[in-house]
Amino acid sequence: MSYVPPHLRNSTTTKTTTSTTLEPSTAQYQSFNSHSSQLHQFKTAAAASTAANGSSRNNNFNSNSNNSASVFSNAARRSSVNLVPDPVLSQWKPSERVLALTPEQTQEVRLRLNVDVAVPSESSPAPPPIESFTDMCLHSSIMKDIAFHEYSTPTSIQAQAMPVALAGRDLLGCAETGSGKTAAFAIPMIQHCLAQPPVRRGDGPLALVLAPTRELAQQIEKEVKAFSRSLESFKTAIVVGGTNIAEQRSELRAGVNIVVATPGRFIDHLQQGNTSLSRISYVVLDEADRMLDMGFEPQIKEVMRNLPEKHQTLLFSATMPVEIESLAQEYLTDPVRVKVGKVSSPTANVAQFLEKVSENEKMDRLLTLLVQESTQAERSGHPFPLTIVFVERKTRCDEVADALVAQGLHAVALHGGRSQSEREAALRDFRNGSTNILVFPSNTAGSVNSFTAWVCI
C-alpha cells in the first residue's frame with residue numbers, strides 16, 4: 001500500500017479492495033457530532049486547477065503532480081496485503097454538566113476565555129468550551145498523563161478547540177504561539193487513534209501532523225509522547241530532514257499511530273513506498289501560514305487531495321491571509337472557526353520597542369544593546385535574559401553570532417546550514433541557560449518560544 005513512483009506508473013494496474021465496516025457501539029453525540037458522519041469529499045476540479053497552475057517556486061514539483069494525481073489517489077488507498085478498515089467515527093460525549101449548559105451560559109464562558117467561535121450557517125452549533133479536563137471525558141490513560149505533567153486547567157484555545165476536535169468536527173484555529181494549541185490538537189488526536197482498529201505492520205499512520213520546520217515538529221512530537229506515555233503500544237514517529245532516513249523508513253514500515261512531519265520529507269517517504277495515506281483519518285496543519293510562506297503549498301495539497309474520503313482536518317494559523325482562507329475552503333468541511341484574541345495582533349505577553357537605525361549601524365547598535373544588558377544583569381545579580389536575534393538571511397547568522405561571541409556574550413547561530421545534532425545541541429544549551437543568545441533567520445521565528453527578549457536586525 002504505497003505511493004507509486006513515477007517510473008513505475010505505466011505498468012501499474014488498478015486493484016479493487018473491499019473495506020470492512022466497523023459499527024459504532026454506542027449512540028452518536030448527535031447535537032455536536034453530526035458533521036463527523038459526513039464524508040469529506042474530494043474537490044476534484046479545484047485540486048486539478050491548483051495542480052495545473054501551481055506555485056512559481058515549485059514548478060518542477062507541480063509538473064510531476066499533474067502527471068500523477070489520479071495514480072497517487074488510487075495508490076494511496078490500495079493495499080496489496082491488508083484490507084483497509086473504515087475509520088471509527090467520533091462517539092465522544094462530554095460530562096452531563098457540560099451537556100446541561102444553556103446557550104447563554106456557553107457564551108458567557110467564551111467571553112470570559114476571550115474566545116470567538118463561528119460556524120457556517122447551515123451547520124450545527126459548535127460544542128461549548130470546557131474548562132476542566134475531567135469534564136472532557138478523556139481516555140483514562142490520557143487523564144493519567146495529564147495529571148503526571150501537572151496540567152490543571154485547559155488554556156483558552158484548549159478549552160474550545162479540544163471539544164470541537166473530540167466531536168469529530170473540522171477546525172480552523174487561530175491562536176498565538178505559547179497558547180497551548182499543540183495540546184489542543186494532540187490530546188484529541190491520541191483519543192481518536194485509540195478508537196481505531198489497531199495499526200498493523202505495513203499500515204500507514206492513523207493521524208498526520210504537518211509542520212513547517214524540524215524544530216517545531218520535534219516540539220510537537222515531544223508533546224504527543226508526553227500525553228501518550230502510559231500507552232505501551234502507542235507509537236509516534238517524527239519524519240523530518242537532517243536525520244537518518246533509514247531509521248525513519250524502518251519505523252514507518254513497522255507501523256505507527258501518529259506521524260509528525262515536515263511536508264518535503266513526508267512526500268519522500270510516500271514516493272519510496274515507506275508509508276501510505278490509506279488509514280489517515282485525522283490531519284493537522286500546524287502553523288499553516290508559515291508553511292505557505294516557506295513554499296510548501298504544493299506538497300500540502302498533494303497530501304490533502306489524496307487522503308481517504310473520511311477524515312477530519314484541523315488547521316492552525318497565527319494569521320488569516322487570503323491563502324489560508326482559500327486552503328480552508330478547499331480542504332475543510334464546514335469548519336468550526338475558533339479564534340483566541342485578535343488575529344495578527346501582538347501578544348500581550350511581550351513588550352515591543354522599535355528603534356530605527358540605518359543599515360550600516362545595525363550591528364554596532366545590536367552589540368551596544370546586548371553588552372549593556374549583560375552588564376546590567378551582572379550588577380543586579382540576575383541571569384542574562386534569554387534572547388533571540390532574528391536576521392533576514394541565514395548567511396548572516398554566523399556573522400552576527402561571531403560578533404556577539406567576540407564581545408564576551410554566549411551566543412550561537414541556528415539555521416538550516418547546521419547539522420541536526422548541532423541544532424539540537426544549540427536548543428538544548430539555550431533551554432538550560434549555558435547559551436543565552438540564539439541567532440535565527442527570520443523564517444524560523446516560531447520554532448522557539450521560551451525566550452524573554454528578541455532583537456530583529
Side-chain angles (χ1 to χ4, degrees), residues 148-151 176-180 182-183 211-226 229 238 240-244 247 260 262 287 347 349-353 362-457:
F148 177 84
H149 293 288
E150 299 181 347
Y151 276 57
E176 63 189 27
T177 300
S179 62
T182 302
T213 65
R214 286 178 286 188
E215 289 76 21
L216 179 57
Q218 288 167 338
Q219 291 180 29
I220 295 170
E221 180 212 23
K222 183 178 180 181
E223 194 140 358
V224 171
K225 287 186 172 180
R229 61 183 295 274
I238 183 167
V240 296
T243 57
N244 192 318
E247 293 179 2
V260 182
T262 49
E287 299 202 5
T347 172
N349 300 325
V350 178
Q352 302 191 45
F353 303 93
K362 284 184 177 181
M363 181 68 79
D364 289 340
R365 184 56 182 148
L366 172 68
L367 296 175
T368 299
L369 283 171
L370 295 182
V371 169
Q372 287 177 349
E373 186 66 43
S374 177
T375 302
Q376 184 177 346
E378 288 181 8
R379 289 175 179 173
S380 62
H382 297 302
F384 187 92
L386 296 178
T387 302
I388 293 182
V389 178
F390 295 121
V391 299
E392 185 178 359
R393 299 178 303 276
K394 73 177 183 180
T395 53
R396 201 179 176 204
C397 286
D398 292 323
E399 175 190 347
V400 173
D402 290 344
L404 294 173
V405 170
Q407 294 295 319
L409 300 171
H410 300 287
V412 65
L414 187 58
H415 54 74
R418 301 276 182 168
S419 69
Q420 184 67 12
S421 59
E422 288 175 326
R423 292 159 69 94
E424 291 175 355
L427 288 173
R428 184 170 58 252
D429 291 343
F430 185 68
R431 292 189 182 101
N432 65 31
S434 57
T435 294
N436 42 42
I437 303 175
L438 285 181
V439 184
F440 271 85
S442 58
N443 62 7
T444 322
S447 297
V448 176
N449 54 41
S450 56
F451 59 90
T452 56
W454 78 71
V455 182
C456 298
I457 64 173

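Counting only heavy atoms from C-beta outward, the side chains of Leu370 and Val389 approach each other to under 4.5 Å. Using a 4.5 Å heavy-atom cutoff, the side chains of Leu427 and Glu215 are in contact.
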Tabulate below the donor-acceptor pairs under 3.5 Å that side-chain atoms of residues 434-441 make, not counting sequence neighbours, or state none.
unit_1, atom_1, unit_2, atom_2, d
Ser434, OG, Asp429, O, 3.3
Ser434, OG, Asn432, OD1, 2.9

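For the atom pair NZ (Lys222) and NZ (Lys225), the distance works out to 11.5 Å, reported to the nearest 0.5 Å. The CG atom of Leu414 sits 10.5 Å away from the CD atom of Glu424 when rounded to the nearest 0.5 Å. Note that the CD atom of Gln407 and the CG atom of Leu404 stand 8.0 Å from one another [nearest 0.5 Å].
Across Val405 and Ala411, no two heavy atoms sit closer than the pair CG2-O, 3.5 Å. Nearest heavy atoms, Arg214 versus Gly242: NH1-CA, 3.2 Å. Residue Ala401 comes nearest to Ala413 through the heavy atom pair CB-N, 3.8 Å, listed as atom of the first residue, atom of the second, then distance. Nearest heavy atoms, Gly241 versus Thr262: N-OG1, 4.0 Å. When all heavy atoms are compared, the tightest approach of Ala217 to Val260 is O-CG1, 3.5 Å.
With hydrogens and angles disregarded, no donor-acceptor distance shorter than 3.5 Å links the side chain of His415 to the backbone of Cys397.
Within the structure, no pair that satisfies the side chain to side chain donor-acceptor pair (under 3.5 Å) test touches residues 369-386, not counting sequence neighbours. The list of salt bridge (Lys or Arg N to Asp or Glu O under 4.0 Å) pairs with a residue in residues 406-421, not counting sequence neighbours, reads Asp398-Arg418.
Applying the side-chain contact (heavy atoms from CB on, under 4.5 Å) rule to Ala403 yields the partners Met363, Leu367; only residues at least two apart in sequence or on another chain are considered. Residues meeting the side-chain contact (heavy atoms from CB on, under 4.5 Å) test with Asp402, sequence neighbours left out: none. With sequence neighbours excluded, the residues forming a side-chain contact (heavy atoms from CB on, under 4.5 Å) with Ser179 are Ile157, Ala175, Glu176, Lys181, listed by chain and number.
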*Go through the steps to decide whether Phe430 and Ile388 satisfy the test side-chain contact (heavy atoms from CB on, under 4.5 Å), and finish with yes or no.*
CA-CA 10 Å; Phe430 185 68; Ile388 293 182; 4.2 Å; yes

